[in-house]
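We name chains A, B, ... by the order of the sequence lines, and we start the count at 1 in each one. Hydrogens, waters and symmetry mates are skipped; everything else that's a heavy atom, side chains included, is used.
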Amino acid sequence: MALASLAILVPLLCAILLAATTSLRRRRIADVVALAAAGTVVVLCAALAARAAGHPVVAWMGGWRPRGGVALGIDLYADALGAGLAAFAGVLAVAGLAVAWNQVDVAGHLFHALVLTVLAGMVGFCLSGDLFTMFVFLELMAVPAYALAGFRVAERAPLEGALNFAITNALGALLVLVGIALVYGRTGALNMAQIGQALAGRPADALVAVAFALIACGLFAKAAIVPFHFWLADAYAVAPTSICLLFAGALSELGLYGVARVYWTMFAGPLGPHAEAVRDVLLALGLLTALIGGAMCATQRHLKRLVAFATVAHMGVLLCGVALLDGAGAAGVAVFVVGDGLVKAGLFVAVGALEHRRGSVDEARLYGRGRDLPVLGAVFCASGLALAAVPPFGPFLGRALIEDAAAEHGLAWIAPVLAVSTALIGGAVLRVVRTVFLGRGPVPPPTRSTAAGEAGEDPAERGRAPVATLISVVLVAAGLAWGLVPGLVDGAAAAAARFVDRGAYAAGVLRGVATDVAAPAGHGPTTTAWLWGAGSALLALAVAWAPTVPVGPLRALHSGRIGDYVAWLAAGTALVAGVLALAV
Amino acid sequence: VSVLPYLVAVWLLCAGIYGVVSSRHLVHLVTCLAVAQSSTYVLLLGIGYRRGAQAPIFGDIPTSARVVDPVVQALTLTDVVVSATVTALLLAIAVQAHKRFGSVDPDDLNALRG
């Protein structure tokens, strides 16, 4: 019981402690306290996930348990997927804090306090069983994240990145709140299980559809789904490396986790008869995101923006898995999030290490200058192959499970689309290996956007590069090995089956009844998935050698203007809400 | 319950978003965002409103009295705090932009594109 509360309280209290003692300016204290707190979160959430593997853990704040099947208080609900995701966020926070260890440009304790607050928000968001609490934790992880993105305020690019990040995400959170208000107006409840019961009573109408669309679109802004994604590359390109890996590996993924959680606990009942329409809308957004993210990734010369757009493309792939609206798709998403998140985090650290060593993140300026950095080159090469979904590593396994689940819905045609998307990302990273670390083939043309964030971090940090290189090796190796963990497919299938069972959720929360959910037999990737994995790897090699990808108009859309971004957000929300409202 | 609060909420939301889209001044932009956020206050309070009901403070009224929904008022208060935090952070960014680059036009920052 106490585990769930402690996993939120420990990082939050340590953050307050660090913020209160910031005038001491003792770096070592901040590093040690923050790392210990993040490590504690990992242990607590892992223990929680282990305990929840059989039956989920429900903790009622202040002992306000439900009476007669009506929720009075606020609960924390930990199942294997939620607690596992929280533990994964903790792992990335530990890695990020280790990268930041003794880094010069984060003097004072406030940096660490902000990281721990983000982490507390993430854990709370994962474990929340109450809709409004979920919103509060969403904001708790978002606001310090804005501040962290703009941590280097002395430069123009971080200021603009943080501004775009904060405004688009604040508007996204506002949409979520409007959706919550509509749901509360209809049901008079804020507990998700209670809302699910109340909504299931009658068929869906336009209000329910619009409420779902608003909550989903607000969370899509966090998850960087096209057309809500514009802020992401701006923010991730300017944030300190130690923060980028937490953002890219967990922050965006949590947005999609929120959509899936909200759908399965509340809206699966009323929207169930209209699942086809919901699936089509989500799938269209997912495929669009996967393709646009992949194309933008392949055109980038600014390495941090390149990895940022890879994140966008992966969010598209993940949304395709969520869009299948079944346990098999959710299992694939869970496997993909961890495998891909580890690889991407490692890649971000490697980009940071390269920046420290060579003072640039511009591919054209770095041409051939990485020849004497074999370890970093190997990290780039391994992560490029993994991101291209080369079998049998972590990202491949996740993508293959999503494709197999799609095939069962007669959607086998999304496999080639996802293969193209991942091939574009993997190809872009492999192209960096060719130009920077091998110095071969066509020289990339310098572009305007690479001027951004060019100042590099403090030269005094260069002595830290070996540690960063080591961390990137560990992260990428873990991401590769993730696909080989025995029993992973079965475990993910069982956890996902629990995640998508609304009846078991409601019984567990409202009546405290531990229900057994029949775990479907998970099966490994089919031959078709292996073939698409190999195909995307070959395509990635072709992309790596291609001189440029002509997507000028697409790049022009990413204007850097906050007004444009917000206009896209409003238009996208109106479209999704309109389509869903007409469909029910 | 009249439909007026809902219309006001939608109007505030649309006006705020239009202001953010068209803004050429960071302080104006942040204020427009605050206008958009205030639409949620109106919406929440409108949802909890009961005609002829009292404030939900049971110190001097019988517990059977007709009162407005206290939950939405708690939500609104929390929301105000959250909005104030975001506004403060954004204004701090605006101050930094003015101090370091002498401009509060979001288009002048213009370091990121493509």
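- Residue A:I243 is tested with A:V238, A:L148, A:L114 for a side-chain contact (heavy atoms from CB on, under 4.5 Å); the sole match is A:L148.
- Between the CD1 atom of A:I74 and the OG atom of A:S128 there is a distance of 8.0 Å, given to the nearest 0.5 Å.
- With a threshold of 4.5 angstrom between heavy atoms, B:I93 approaches chain A through its backbone and through its side chain.
- Interface summary for chain A: among B:L44, B:V86, B:D69, the most heavy-atom pairs under 4.5 angstrom belong to B:D69.
- A donor-acceptor pair is defined here as one N or O able to donate and one able to accept, closer than 3.5 Å; no such pair exists between the side chain of A:K304 and the backbone of A:A233.
- Rounded to the nearest 0.5 angstrom, A:T168 OG1 and A:W568 CH2 are separated by 15.0 Å.
- For chain A, the nearby part of B:L43 is the side chain; its heavy atoms alone come within less than 4.5 Å.
- A donor-acceptor pair under 3.5 Å is formed between the side chain of A:W231 and the backbone N or O of A:A221.
- Ranked by heavy-atom pairs under 4.5 Å with chain A, the first of B:T85, B:V81, B:L90, B:V30 is B:L90.
- Residue contact with chain B, scored on non-hydrogen atoms closer than 4.5 Å, involves the backbone and the side chain of A:L163 alike.
- Proximity to chain B is limited to the side chain of A:F135, based on heavy atoms less than 4.5 angstrom apart.
- Aromatic rings of A:Y565 and A:H229 (six-membered ring for Trp) have centroids beyond the 6.0 Å cut-off, not under it.
- Only the side chain of A:A570 comes within less than 4.5 Å of a heavy atom of chain B; its backbone N, CA, C and O stay farther away.
- Cation-pi contact between A:R305 and A:Y236: absent, since separation from the ring centre below 6.0 Å together with deviation from the ring axis within 45° is not met.
- For A:V136, the part lying under 4.5 angstrom from a heavy atom of chain B is the side chain only.
- Using a 4.0 Å cut-off between a side-chain N of Lys or Arg and a carboxylate O of Asp or Glu, A:R186 and A:D205 qualify as a salt bridge.
- When heavy atoms are compared at a cutoff of 4.5 Å, A:L569 does not approach chain B at all.
- The contact between B:V20 and chain A is made by backbone and side chain atoms together, counting heavy-atom distances below 4.5 Å.
- Options B:C14, B:A36, B:S23, B:S22 differ in how many heavy-atom pairs under 4.5 Å they form with chain A, and the most are formed by B:A36.
- For the set A:L171, A:D564, A:L177, A:N169, the count of heavy-atom pairs under 4.5 angstrom toward chain B peaks at A:L177.
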